[in-house]
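As structure tokens, the structure follows; a few thoughts come after it.
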Amino acid sequence: MDLSARLATIDPSLDLEAEISRLKEEMNAVILAHYYQDEAIQDLADFVGDSLALAQAAAKTNADCIVFCGVHFMAETAKILNPDKPVYLPDLDAGCSLADRCPADVYAEWLKQYPDHIVVNYINSSAAVKALSDVIVTSSNAVDIIRQLPPDKPIVFGPDRHLGRWVEKQTGRKMVLWPGFCIVHEQFNARRLLQLRAEYPEAAIIAHPECEEAVLQQAEFVGSTLALLKYVEKHTEKKQFIVATEAGILHQMKKARPDAEFICSPPNSGCSCALCPYMRLNTLEKLYLCMRDRRPEITIDEETMRRALRPVQRMLEMSQHLSPVKQKGD
């Protein structure tokens, strides 16, 4: 039965939140959710975080299975760290434009030009690309990890060119960059941000490093989704924030700072806010079905999983000094 037909089997009067909570207990499952998920999913999850925090949570969980509310590469990372546990993703079509722009076979051929380079890959990549890597990074730890690498060794960085350029500026390390980008963050532009600044002159502009450099130059602070949230929490003297990243993070920001106003930087598409179409494929209905039917399940061939594990583990080892994820309510 395809997904549409399965969705049609849901009783519209069903209390989905209660059923998901019941199934979670029945399965001894942990629900992990990225900041870019719908608000209702974030509120149901055991852990809500960015890619690093969720990888840390996946590595530490004692649950019998993992339900990952995010996109495909995130669920793959959880599977790599938990090869003997089932990992479920509500919608297998929840991919990533950045990961899709870096096919493993093309990337492997490109890497042949740089045989002596350390291969650093952003976590926003497929398991097959991770398997070609020496170490994985996230936007939370990329600068820190690059600074730990031998200064005399050249570096290849993929697949996000904007994050790579930002890391270069922060570390002073020149790197060979794969020319990938995120379709959401690529849409923010400097001209529209200037217009918004004129409308909200007291607002602090904060941006994710996947944005173009011209956008980052206007930002008062640049950081991962978690770093942006922490900035908002810390700077209580600021009452307005223009946020240049996926709009899902605004939910946690509003909960942390109900006294502040949050303005999503408008993308070029003309809509009022930036939403990742892949992240939004996961819904409460699909989450319920995923847990009810125990599918779809993430599968990776053993050789790819074995080769991808080491660079992911290396990332976690090199990030041990960074703040670990906290369970919601801690």
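Just so it is clear, the structure is predicted and the values come from calculations on it, not from any experiment.
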key: Worked verdict on Glu317 versus Arg310 for salt bridge (Lys or Arg N to Asp or Glu O under 4.0 Å)   = CA-CA 10 Å; Glu317 290 163 4; Arg310 180 56 191 148; 3.3 Å; yes

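- Here Leu194 is tied to no hydrophobic group at all, with no ILVMFWY side chain closer than 4.5 Å.
- Although no hydrogens or angles enter the test, the distance criterion places a donor-acceptor pair under 3.5 Å between the side chain of Asp134 and the main chain of Val119.
- Side-chain atoms of His208 come within 3.5 Å of backbone N or O of Glu210 as a donor-acceptor pair.
- For the 3.5 Å distance criterion, the side chains of Asp38 and Gln42 fail to qualify, holding no donor opposite an acceptor.
- Side-chain contact of Tyr35 with Glu246: a donor-acceptor pair under 3.5 Å is absent, judged by distance alone.
- Atom OG1 in Thr283 sits 8.0 Å away from atom CG in Asp91 (nearest 0.5 Å).
- Remark: the backbone N or O of Glu303 is paired with a side-chain donor or acceptor of Asp301 at under 3.5 angstrom.
- Looking only at distances, no side-chain donor or acceptor of Asn141 sits under 3.5 Å from a matching main-chain atom of Val137.
- The CG atom of Leu287 sits 5.5 Å away from the CD1 atom of Ile41 when rounded to the nearest 0.5 Å.
- Remark: the His251 side chain and the Asp43 side chain contain an N/O donor-acceptor pair separated by less than 3.5 Å.
- In the model, Thr9 has a side-chain atom that pairs as donor or acceptor with a side-chain atom of Arg292 under 3.5 Å.
- In terms of modelled atom types and a separation under 3.5 Å, the side chain of Arg147 and the main chain of Thr171 share no donor-acceptor contact.
- For an aromatic pair to be called close, the ring centres must be under 6.0 Å apart, and Trp178 with Tyr107 satisfies this.
- Stacking of Arg295 on the aromatic ring of Tyr88 is not recorded, the 6.0 Å distance cut-off and the 45° axial limit not both being met.
- Using a 30° and 60° split on the angle between ring planes, His185 and Tyr36 fall in the tilted class, from 30° to 60°.
- Between the side chain of Asn282 and the main chain of Cys69, no donor-acceptor pair closer than 3.5 Å is present.
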message = Run Glu76 and Lys79 through salt bridge (Lys or Arg N to Asp or Glu O under 4.0 Å) and show every step you take.
response = CA-CA 5 Å; Glu76 280 189 332; Lys79 182 64 178 179; over 6 Å; no

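- Within 6.0 Å of CG on Asp152 lie more than 12 heavy atoms contributed by other residues, nucleotides or ligands.
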message = Go through it in stages, so that I can follow the logic: the residues are Glu297 and Lys85, the test is salt bridge (Lys or Arg N to Asp or Glu O under 4.0 Å), and I'd like the CA-CA distance, side-chain angles, deciding distance and then a yes or no.
response = CA-CA 10 Å; Glu297 183 176 349; Lys85 293 181 180 180; over 6 Å; no

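- Here the side chain of Ser133 pairs no donor or acceptor atom with the backbone of Ile136 at under 3.5 angstrom.
- When only modelled atom types and interatomic distance are considered, Gln240 and Glu261 share a side-chain donor-acceptor pair under 3.5 Å.
- Counted by atom type alone, Asp11 and Ser13 present one or more donor-acceptor pairs between their side chains at under 3.5 Å.
- The main-chain N or O of Asp293 is never found under 3.5 Å from a side-chain atom of Arg6 such that the two would form a donor-acceptor pair.
- With hydrogens and angles disregarded, no donor-acceptor distance shorter than 3.5 Å links the side chain of Gln218 to the backbone of Arg191.
- Of the N and O atoms on the side chains of Thr138 and Ser51, not one donor lies less than 3.5 Å from an acceptor on the other residue.
- Shown are Leu284, Leu3, Leu16; of these, the side chain to side chain contact (heavy atoms under 4.5 Å, CB included) with Leu289 is made only by Leu3.
- Inter-residue side-chain proximity for Lys130 and Ile123 is flagged as met; some heavy-atom pair is nearer than 4.5 Å.
- Contact of the Cys264 side chain with the Val243 side chain is not registered, since no non-hydrogen atoms from C-beta on lie closer than 4.5 Å.
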